[in-house]
Amino acid sequence: MRPDWVAPAAHKFPQGKRVNGMHASSNRKTVRYYIPMALLMTLVLGVGAAEGKKRTPPPPTGLPAQINALAKQLPGVMLEDSGPITDQIQKLVVDHMSEWMASRTPTDVETRRELENVFSLLQYPEVAMPAAFACPWKGQMVIGAGYTLGWTDFDRQNVVAVFVSSAGKSHLAAITNFVPRTDLHYEMLPQLAWDDLRFFVYGNRLGKSQERLSVALCSFDGQNLKTLWGRRDIYDGEMDVLKDKVTIKYLKEDEYVQAVERKRHPPRHLATYQLTPAGMQLLSDTEVPF
């Protein structure tokens with residue numbers, strides 16, 4: 001006897017007639033059996049698909065999670081192409097800090113801790129290094145909330161946001177991006193022969209046998225932030241500030257390479273600058289003992 005099969009719907013069997021040992025009524029029962037089974041399988045598959053959709057992770061909620069989700073897209077992206085991602089992160093961070101500061105005058109420590117919380121979910125290779133300052137000026141408090149966002153040892157983006165606070169309330173006054181591929185530090189200057197608030201933003205860049213120093217002298221007048229003087233990629237640079245003088249020790253890369261090839265110490269240089277109302281003026285640049 002052949003196995004049961006489903007007869008084509010267009011074929012009709014005479015009442016009570018046997019076909020291959022089976023009554024036509026038996027075939028109708030077989031059809032009725034397979035139809036409910038097909039419906040059941042359809043329902044099972046539909047439920048499984050729905051459960052699969054439910055298992056899809058929901059979009060991140062909360063600021064740290066949103067920033068982490070964006071930062072995870074950075075590995076493998078060159079710094080020159082990272083703008084669409086880093087700009088979104090910058091906006092989220094600055095908007096949050098503006099809201100967080102709106103009804104308070106935080107210290108530099110509190111500001112740095114809040115930035116650390118914002119980036120708390122980042123995992124290597126994505127890193128964030130907050131840098132903050134708080135400086136009294138003209139009866140107000142000027143607060144710097146900055147950070148370095150990196151996803152390799154060389155691909156780094158810097159942000160410096162400056163807030164002004166008085167009477168327990170703060171607002172965003174200016175924002176800028178420091179030299180890319182460096183970390184971020186500040187050096188506040190005393191109030192001397194100028195009326196604006198002045199400070200250095202500086203950082204070091206990896207990638208060669210010696211780190212390279214980048215420095216910018218910034219001026220803030222309460223509304224605008226501008227650069228009065230700056231230098232980039234000073235080979236093995238070290239900066240010191242003493243009242244109205246600034247010194248930078250450095251090497252010249254070609255001299256350093258030649259000296260290493262000859263197994264000698266390279267000549268070291270010392271540049272001395274005078275802080276002036278207009279910015280900085282070079283006083284001398286001499287060789288000094290290594």
Side-chain angles (χ1 to χ4, degrees), residues 90 93-112 114-115 130-148 158-180 182-204 213-234 237-250 270-285:
Q90 175 178 313
V93 174
V94 174
D95 286 352
H96 169 76
M97 295 304 292
S98 298
E99 182 179 353
W100 178 75
M101 287 193 196
S103 299
R104 71 181 76 196
T105 302
T107 65
D108 55 342
V109 175
E110 291 171 332
T111 302
R112 187 182 69 251
E114 185 63 21
L115 287 167
F133 70 80
C135 184
W137 179 71
K138 291 188 174 182
Q140 306 174 102
M141 187 67 71
V142 179
I143 302 166
Y147 64 87
T148 301
N158 296 295
V159 178
V160 179
V162 178
F163 295 82
V164 176
S165 182
S166 62
K169 295 186 178 181
S170 306
H171 68 274
L172 177 66
I175 186 169
T176 188
N177 296 106
F178 183 54
V179 178
T182 70
D183 52 13
L184 184 64
H185 307 276
Y186 310 110
E187 178 74 32
M188 310 307 295
L189 295 181
Q191 291 297 123
L192 297 176
W194 46 78
D195 191 50
D196 50 345
L197 178 68
R198 297 191 180 186
F199 57 94
F200 283 110
V201 180
Y202 67 96
N204 292 295
L213 174 70
S214 292
V215 188
L217 175 59
C218 297
S219 165
F220 180 66
D221 63 3
Q223 296 181 332
N224 303 298
L225 183 67
K226 63 180 180 179
T227 301
L228 301 178
W229 176 91
R231 285 189 63 185
R232 291 193 178 194
D233 293 335
I234 305 172
E238 297 178 7
M239 182 180 71
D240 285 307
V241 180
L242 181 61
K243 294 183 179 180
D244 62 343
K245 299 289 194 306
V246 178
T247 61
I248 299 178
K249 290 181 181 180
Y250 67 98
L270 177 67
T272 302
Y273 296 87
Q274 174 74 52
L275 291 169
T276 68
M280 296 223 301
Q281 180 181 353
L282 180 64
L283 297 179
S284 62
D285 193 342

Under the side chain to side chain contact (heavy atoms under 4.5 Å, CB included) rule, collect the residues that match up with Val179, sequence neighbours excluded. Thr182, Ser214, Arg232
For the student: nearest non-hydrogen atoms of Ala278 and Leu228, plus distance: O-CB, 4.1 Å
Is it the case that more than 12 heavy atoms not belonging to Glu238 sit under 6.0 Å from its CD atom? yes
Any donor-acceptor N/O pair, Asn177 side chain to Asn158 backbone, under 3.5 Å: yes
For His96, give me all partners under side chain to side chain contact (heavy atoms under 4.5 Å, CB included), at least two apart in sequence or on another chain. Leu63, Trp100, Glu114, Val118
Do Lys138 and Asp195 meet the salt-bridge criterion of a basic N to acidic O distance under 4.0 Å? yes
Could you tell me if the side chain of Tyr186 sits less than 4.5 Å from the side chain of Val160, heavy atoms only? yes
Quick one: closest heavy-atom pair of Pro277 and Ala193, and the distance? CG-O, 3.5 Å
Over all atoms of both residues, closest heavy-atom pair of Tyr147 and Leu184: N-CD2, 3.6 Å
Side chains of Tyr273 and Ile248: does their closest heavy-atom pair fall under 4.5 Å? yes
May I ask you to decide if the ring planes of Trp229 and Phe200 are parallel, tilted or perpendicular, using 30° and 60° as cut-offs? perpendicular
Rounded distance (nearest 0.5 Å) linking atom CH2 of Trp194 with atom CG of Leu189: 6.0 Å
Per the side chain to side chain donor-acceptor pair (under 3.5 Å) rule, which among Asp196, Asn224, Thr227 passes with Ser219? Asp196
Atom of Val164, atom of Gly222 and distance for their closest heavy-atom approach: CG2-O, 3.9 Å
Nearest non-hydrogen partners of Thr105 and Ser170, listed with the distance: CA-OG, 4.1 Å
4.5 Å side-chain heavy-atom contact, Phe178 and Thr176: no
Within a strict 4.5 Å, meaning less than it, do heavy atoms of the Lys245 and Gln274 side chains meet? yes
Listed by chain and number, what are the side chain to side chain contact (heavy atoms under 4.5 Å, CB included) partners of Ile175, not counting sequence neighbours? Gln90, Val94, Val159, Ala161
Rounded distance [0.5 Å steps], OG in Ser98 versus NE2 in His171: 10.0 Å
Could you check if a side-chain atom of Met141 sits within less than 4.5 angstrom of a side-chain atom of Ile143, using non-hydrogen atoms only? yes
Can you tell if the side chain of Met239 reaches within under 4.5 Å of the side chain of Val246, non-hydrogen atoms only? yes
Compare all side-chain heavy atoms of Tyr202 with those of Leu213 and state whether any distance is below 4.5 angstrom. yes
Considering all heavy atoms, the nearest Gly146-Leu115 contact: O-CD1, 3.5 Å
So do Pro190 and Lys243 actually touch side chain to side chain, heavy atoms under 4.5 Å? no
